[in-house]
Amino acid sequence: MDQYYVYQHTDPETGELLYIGMGSFERAWLCRGSNRKKNHQKRLNELFVLGYTMADIVVVLASGLNKTDA
């Protein structure tokens, strides 16, 4: 089943690439708890305080991939 995708988190203020990864289902939009490294979570929280949402941060680069291709 080709359910994987490649995504990036981009800082909407600077355009800086914060993270690039592979996921399936809602992985790219999960941002709370222990599923992110501490420094990445800190920057996400700073952006949330400024009013940004994951919709402003997540960019899906490719979808419909198998795990190997992703």
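Positions are given from 1, in the same order as the sequence printed here.
Looking at heavy atoms from C-beta onward, R27 lies out of side-chain contact with M22 at the 4.5 angstrom threshold. Between D2 and L65, the closest side-chain pair of non-hydrogen atoms is not below 4.5 Å. At least one side-chain heavy atom of M54 sits less than 4.5 Å from a side-chain heavy atom of I57.
Proximity of a side-chain donor or acceptor of T53 to a complementary backbone N or O of A55 within less than 3.5 Å is detected. Side-chain N or O atoms of H40 include none that pairs as donor or acceptor with a backbone N or O of H9 at under 3.5 Å.
G23 and Y7 make their closest contact through N-CE2, 3.9 Å (heavy atoms, listed as atom of the first residue, atom of the second, distance). Here the closest non-hydrogen pair linking T10 and G15 is CG2-O, 3.5 Å.
Going from atom OH of Y52 over to atom CG of D11 covers 7.5 Å, rounded to the nearest 0.5 Å.
Criterion: ILVMFWY side-chain heavy atoms under 4.5 Å apart, direct or through other members. Under it, V6 and F25 are not part of a common hydrophobic cluster. Grouping the Ile, Leu, Val, Met, Phe, Trp and Tyr side chains by contacts below 4.5 angstrom, directly or via other members, places V49 apart from L47. Under a hydrophobic clustering in which Ile, Leu, Val, Met, Phe, Trp and Tyr are joined whenever their side-chain heavy atoms come within less than 4.5 Å, directly or via other members, V59 and L17 fall into different clusters.
Every residue two or more places apart in sequence or in another chain that forms a side-chain contact (heavy atoms from CB on, under 4.5 Å) with V60 is listed here: Y5, W29, V58, S63.
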- Task: Tell me, with the steps shown, if R43 and N39 meet side-chain contact (heavy atoms from CB on, under 4.5 Å).
- Result: CA-CA 6 Å; R43 183 59 184 144; N39 63 338; over 6 Å; no

